[in-house]
Amino acid sequence: MGDLPKPTSSAAKSDDQETPTISSHPPPTPPRPSVSLVQPSQKKRHKPTKVFRVFRSVFRSLPIITPVCKLPALPGGLPDSHRHGSGNRVTGTLYGYRKGRVSLSVQENPRTLPTTVVELALQTNVLQKEMSMGMVRIALECEKRGEKDKTKLMEEPVWTMFCNGKKGGYGVRREAAEEDLNVMELLRAVSMGAGVLPGNSETEGPDGELAYMRAHFERVVGSRDSETLYMLSPEGNNGPELSIFFVRI
């Protein structure tokens, strides 16, 4: 009598019923958008600053302009009658994690690479509180250089910073990093506005948000040692809500 076929176990698994393998690794991070920002028309190449010096300076009293509106909404256009002096208009963006330091980026327009990036000695949540209360005046000061020194004002590496007359530490000029460029790329279509962007989860955790405020600024050059950015109000008010002074004294 021939061998009988062995019975198939009911617990056996067929090839098409294999248990799927579950990976313990997190899904790959989606690639960041490529930067399409272009060089500004008057961009000049700067050598990166490697040595940062701490400047001792004395704060000068600056006039306070009474505020007439607050930060959160920046819709609409701006009447030409509210332009300041003979300066030119630039795009200014203040941004940072809520518990981190604020960075200031200055662009010729929202589609160009930043000409200046300064990390301010001010936390984002503190700036938001100051803006909600009224006028904010930021002064960045450093020592005056000799007549033969050709360093431009906006190329100074370190500034003593004051916010509404109170010394807050030091502002540092730096080259635009990858995250700065990513923020500018995400805001490329925004000319004026305020809000939040998804942050870098590796830095701030999965719930980290990056707050920003973008507006037109009137850039007024007083001399080789004095320059001011006045935020232009979109609602036709009498004065800017934010002024940023760069001064060598």
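Please read these numbers as outputs of a predicted model, since none were measured by experiment.
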Exercise. Could you go step by step and tell me if Leu104 and Val117 meet the side chain to side chain contact (heavy atoms under 4.5 Å, CB included) rule?
Worked result: CA-CA 6 Å; Leu104 166 68; Val117 178; over 6 Å; no
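- No side-chain heavy atom of Gln107 sits less than 4.5 Å from a side-chain heavy atom of Leu113.
- In this structure, the separation between CG on Asn88 and CD on Glu218 is 7.0 Å, given to the nearest 0.5 Å.
- Under the 4.5 Å side-chain criterion, counting only non-hydrogen atoms from C-beta, Leu181 is in contact with Pro114.
- Residues Gly171 and Met161 share a closest heavy-atom pair of N-CB, 4.3 Å.
- Judged by distance alone, the side chain of Arg137 and the main-chain N or O of Phe162 form no donor-acceptor pair under 3.5 Å.
- Atom CZ of Arg89 and atom CG of Leu232 lie 5.5 Å apart (nearest 0.5 Å).
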For this session: Test Val183 against Leu210 for side chain to side chain contact (heavy atoms under 4.5 Å, CB included), laying out the working first.
Result: CA-CA 9 Å; Val183 172; Leu210 189 143; 4.2 Å; yes
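- Taking the charged nitrogens against the carboxylate oxygens, Arg248 and Glu156 do have a contact shorter than 4.0 Å, which makes a salt bridge.
- The side-chain contact (heavy atoms from CB on, under 4.5 Å) search around Arg111 returns Asn109, Arg188, not counting sequence neighbours.
- Distance check, rounded to the nearest 0.5 Å: CE of Met184 to OH of Tyr212 gives 10.5 Å.
- Take Phe246 and apply the ring pair (Phe, Tyr, Trp, His ring centres under 6.0 Å) test, not counting sequence neighbours, and it matches Trp159.
- If you take NZ on Lys152 and OG1 on Thr116, they are separated by 10.5 Å, rounding to the nearest 0.5 Å.
- For Thr228, the side-chain contact (heavy atoms from CB on, under 4.5 Å) criterion is met by Tyr230, Phe245, not counting sequence neighbours.
- A donor-acceptor pair is defined here as one N or O able to donate and one able to accept, closer than 3.5 Å; no such pair exists between the side chain of Asp149 and the backbone of Gly146.
- Partner of Val126 under the side chain to side chain contact (heavy atoms under 4.5 Å, CB included) criterion, out of Gln123, Gln128, Lys129: Gln123 alone.
- Salt bridge present: Arg173 and Glu175 bring a charged side-chain N and a carboxylate O closer than 4.0 Å.
- Checked against side-chain hydrogen bond (donor to acceptor under 3.5 Å, both in side chains), Glu227 has the following partners two or more places apart in sequence or in another chain: Arg219.
- The side-chain heavy atoms of Arg224 and Lys150, taken from C-beta on, include no pair separated by under 4.5 Å.
- The stretch residues 115-126 participates, sequence neighbours left out, in these salt bridge (charged side-chain N to carboxylate O under 4.0 Å, His left out) pairs: Arg101-Glu119, Glu119-Arg174.
- In this structure, the side chains of Tyr95 and Leu187 stay at 4.5 Å or more apart for every pair of heavy atoms.
- When every heavy atom of Leu37 is checked against every heavy atom of Pro110, the shortest pair comes out as CD2-O, 3.6 Å.
- Between Arg98 and Val196, some side-chain heavy-atom pair lies under the 4.5 Å cut-off.
- At least one donor-acceptor pair closer than 3.5 Å links the side chain of Asn182 to the backbone N or O of Glu178.
- By the 4.5 Å heavy-atom criterion applied to side chains, Lys167 and Thr160 are counted as neighbours.
- Ser41 and Glu108 form a side-chain donor-acceptor contact under 3.5 Å, judged by distance and modelled atom types alone.
- With Glu241 contributing its side chain and Gly134 its backbone, the two residues share no donor-acceptor pair below 3.5 Å.
- Residues passing the side-chain contact (heavy atoms from CB on, under 4.5 Å) test with Val38 are Thr112, sequence neighbours excluded.
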For this session: Report the C-alpha separation of Ile244 and Leu140 in whole Å, then their side-chain angles, then the decisive distance to 0.1 Å, and conclude whether the side chain to side chain contact (heavy atoms under 4.5 Å, CB included) test is met.
Result: CA-CA 8 Å; Ile244 305 174; Leu140 296 165; 4.3 Å; yes
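- When side chains are defined from C-beta on, Leu94 counts as touching Leu242, because their heavy atoms get closer than 4.5 Å.
- Neither side chain, Ser223 nor Asp225, offers a donor N or O lying under 3.5 Å from an acceptor on the other.
- Side-chain contact between Arg214 and Met192 is absent, with no heavy atoms from C-beta onward closer than 4.5 Å.
- Between the CD atom in Glu130 and the CG atom in Asn164 there is a gap of 5.5 Å [rounded to 0.5 Å].
- A donor-acceptor pair is defined here as one N or O able to donate and one able to accept, closer than 3.5 Å; such a pair exists between the side chain of Thr124 and the backbone of Gly100.
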For this session: Show the numbers, then the answer: is there a side chain to side chain contact (heavy atoms under 4.5 Å, CB included) between Leu120 and Ser103?
Result: CA-CA 6 Å; Leu120 304 176; Ser103 292; over 6 Å; no
